[in-house]
2 protein chains.
Amino acid sequence: MLPAIAQTIRPAFRHNDHRSKELWSSVQEVCDLLHISRPQDLDEDNCRFQHVRFKAGQTVHLNNDPLENLFLVNCGFLKSSMTDDLDKELVLSFPMKGDLIGVDSIHRQHHQSQTMTLSDCDIILLPYSSLQELCQKSEQFGHAILQIMSREIVRERYMLGVQRSLSAEAKVGRFLCMMGERYAQLGYSSRRFNLRMSRNEIANYLGVAIETVSRILSEFHRLGVITVNQREIVIIDPVFLSDLLKFSSTKERAGDKNVQKGQPRTTSKFVGTAHQQPVMALA
Amino acid sequence: MLPAIAQTIRPAFRHNDHRSKELWSSVQEVCDLLHISRPQDLDEDNCRFQHVRFKAGQTVHLNNDPLENLFLVNCGFLKSSMTDDLDKELVLSFPMKGDLIGVDSIHRQHHQSQTMTLSDCDIILLPYSSLQELCQKSEQFGHAILQIMSREIVRERYMLGVQRSLSAEAKVGRFLCMMGERYAQLGYSSRRFNLRMSRNEIANYLGVAIETVSRILSEFHRLGVITVNQREIVIIDPVFLSDLLKFSSTKERAGDKNVQKGQPRTTSKFVGTAHQQPVMALA
DNA sequence: CGTTACTTTGAATATAGTCAAGCAGTGTGG
DNA sequence: CCACACTGCTTGACTATATTCAAAGTAACG
């Protein structure tokens with residue numbers, strides 16, 4: 001079985017001959033990474049999954065590649081995107097540790113997107129055939145895979161809600177909060193982090209113009225709710241950003257709290273809210 | 001097993017005592033509806049799935065209901081929606097025949113959305129436990145379920161692309177085309193159909209204001225590319241609508257064909273394109 | 001027939017996009 | 001080491017698009 005896997009990986013993978021302490025992971029380790037409990041009903045644990053190293057800027061898989069492997073991020077930062085009718089890139093997600101890449105490809109047996117590395121990465125190859133086999137052996141594992149797919153649906157749906165009902169500044173605010181939370185899950189600070197992606201990629205991901213992202217970040221900085229220095233972000237007032245999630249919606253903010261309504265246009269429209277909430281000390 | 005299913009269904013279901021020719025469906029029939037091939041590796045076909053009838057305006061499941069059944073639409077039209085932070089409804093989809101409802105609930109074992117009927121409906125209950133069992137018995141069936149989940153992800157992703165990169169009129173145009181295609185798949189005309197949902201629901205689904213939907217439909221009508229009479233739509237020029245998909249994107253139309261750019265504002269901005277494409281005869 | 005819900009239309013406004021210019025880091029080669 | 005170009009980012013001015021508010025029209029319903 002192992003030789004079989006080795007043969008199915010794309011040639012590019014074989015160029016990565018970096019020495020690594022753990023080139024193969026067990027089912028246990030994969031389950032831990034995926035945040036699913038290890039199936040109790042799976043006795044034989046002789047299955048191993050290969051790790052592959054990527055340098056920043058490399059391609060993990062391209063659109064329309066045949067489905068052979070799913071990819072589980074062990075460490076590093078990536079960008080998944082698709083191409084629309086006009087060959088314009090649409091950024092779909094920024095996978096990081098613990099994220100499973102490629103579940104969209106099961107439908108047509110070909111990848112419906114492409115994924116690039118934004119930093120050096122360590123990726124675990126999960127051959128789809130092996131996953132199917134595990135699903136067959138273990139009902140619990142099968143259920144866990146369905147859960148992961150379901151979670152992906154819920155996540156995308158959440159983004160859909162963001163796209164539809166939030167203003168540009170709320171999108172950016174929510175994006176920053178989300179990134180903070182994700183870093184926190186990885187054990188980093190949720191308040192101070194480096195964005196791994198360009199303004200262009202953020203703008204694309206959020207569905208707004210790059211200038212808008214830039215303007216809003218500057219505005220947040222001016223208001224003292226964040227600090228921006230290149231790609232280094234410090235979130236000073238997360239409450240402000242999370243309130244934006246709720247009340248900056250273009251459509252429904254009339255009727256909710258009388259802030260941000262009828263503020264003089266000569267000053268920032270955020271001032272009203274900013275003054276209501278004490279600026280929190282930087283951790 | 002059958003009594004078990006009968007006991008797990010919600011009380012509301014039992015009120016529907018309409019007499020029906022086929023109250024139970026086989027695995028075969030379910031697979032046909034889902035457009036997946038019947039698993040060859042499943043010999044015993046003694047499993048039956050209960051049908052439930054709903055009148056228009058009834059609730060199939062509510063947000064946060066525990067996951068007991070998935071729902072497969074046998075006939076009728078529905079609306080799935082979720083509730084955002086502000087208790088505002090967000091329409092997610094308009095399920096119809098062959099659509100599987102509830103795959104989002106597997107993740108947390110509770111439904112993450114609610115579904116209402118827009119017309120009288122016949123729904124097949126698929127107990128999640130039975131599905132798991134079938135997945136276990138048949139590798140092919142398991143794969144098919146993964147495919148359906150994957151397809152759902154791809155669909156939601158498509159909507160995400162629509163939300164991000166299309167103008168309001170392109171969204172409406174695409175919506176009409178999409179509805180036409182879906183009716184066509186059910187064997188109805190793709191050119192002439194009744195919308196089952198209100199303008200409000202369309203607007204919500206597309207993430208635009210209701211007035212915008214109304215205006216754009218009127219505009220399309222004025223241009224002769226569609227006919228609107230209440231909720232009855234006749235698509236006269238699908239090419240026009242599908243071109244909108246490509247070239248009405250707010251962001252990328254500069255540089256593509258010099259239509260719709262620099263048109264006098266006194267007349268419709270669609271006129272330029274409309275004149276380039278012959279109006280097709282009404283089928 | 002009046003009430004209600006849904007839809008259409010117009011006018012004013014707000015939001016975000018486009019265009020254009022300039023700035024700031026980065027890297028290259030002289 | 002500095003000039004140079006290059007890329008990514010920021011900012012301002014203007015414009016387009018879509019929303020909000022307001023009002024009136026239309027169909028459905030008891």
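Chain letters run A, B, ... following the sequence lines, proteins first, then strands; residues in each count from 1. Everything quoted here is computed from the prediction, not taken from an experiment.
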Is it true that a side-chain atom of A/S119 and a backbone atom of A/F77 form a donor plus acceptor pair closer than 3.5 Å? yes

Looking at A/R222 and D/dT10, is any side-chain donor or acceptor paired with a base atom of the opposite kind under 3.5 Å? no

Nearest-Å distance for atom pair CE/C1', residues A/M197 and D/dC9: 16 Å

Starting at CD of A/E219 and ending at P of D/dG12, how long is that distance when rounded to a whole Å? 11 Å

Contact class for B/S218 (heavy atom, under 4.0 Å): base, sugar-phosphate, or nothing? sugar-phosphate

Nearest-angstrom distance from the residue atom NZ of B/K88 to C1' of D/dT19: 11 Å

Spacing of A/K171 atom NZ relative to C/dG17 atom P, expressed in whole Å: 7 Å

By the 4.0 Å heavy-atom rule, please label B/T212 as base, sugar-phosphate, or nothing. base

A/E232 atom CD is separated from C/dG25 atom C1', nearest whole Å, by 15 Å

Nearest to the side chain of A/S167, which nucleotide is it out of C/dT8, D/dC9, C/dA16? C/dA16

The test is salt bridge (charged side-chain N to carboxylate O under 4.0 Å, His left out); show your working for A/D84 and B/R164 and say whether it passes. CA-CA 11 Å; A/D84 71 2; B/R164 291 204 301 199; over 6 Å; no

Atom-to-atom span, CD1 of A/I202 to P of D/dG8 - whole angstrom: 13 Å

Between C/dT8, C/dG17, C/dA16, which one does the side chain of A/A209 approach most closely? C/dG17

If you find the nucleotide of DNA chain C closest to A/E211 and the one closest to A/Q230, which residue's nucleotide is nearer the 5' end? A/E211

Is B/T115 reaching over with its side chain to a backbone N or O of B/V60, donor-acceptor style, under 3.5 angstrom? no

What is the distance, rounded to the nearest whole Å, between atom CD1 of A/I216 and atom P of C/dA16? 6 Å

Decide yes or no on ring pair (Phe, Tyr, Trp, His ring centres under 6.0 Å) for A/F193 and A/Y188, but give the supporting numbers first. CA-CA 8 Å; A/F193 49 82; A/Y188 301 116; over 10 Å; no

Whole-Å distance between D/dA18 P and B/I210 CD1? 17 Å

Go through the side-chain N and O atoms of A/S81 and A/E89 and say whether any donor and acceptor fall under 3.5 Å apart. yes

Of A/R231 and A/R215, the one whose nearest nucleotide on DNA chain D sits closer to the 5' end is A/R231

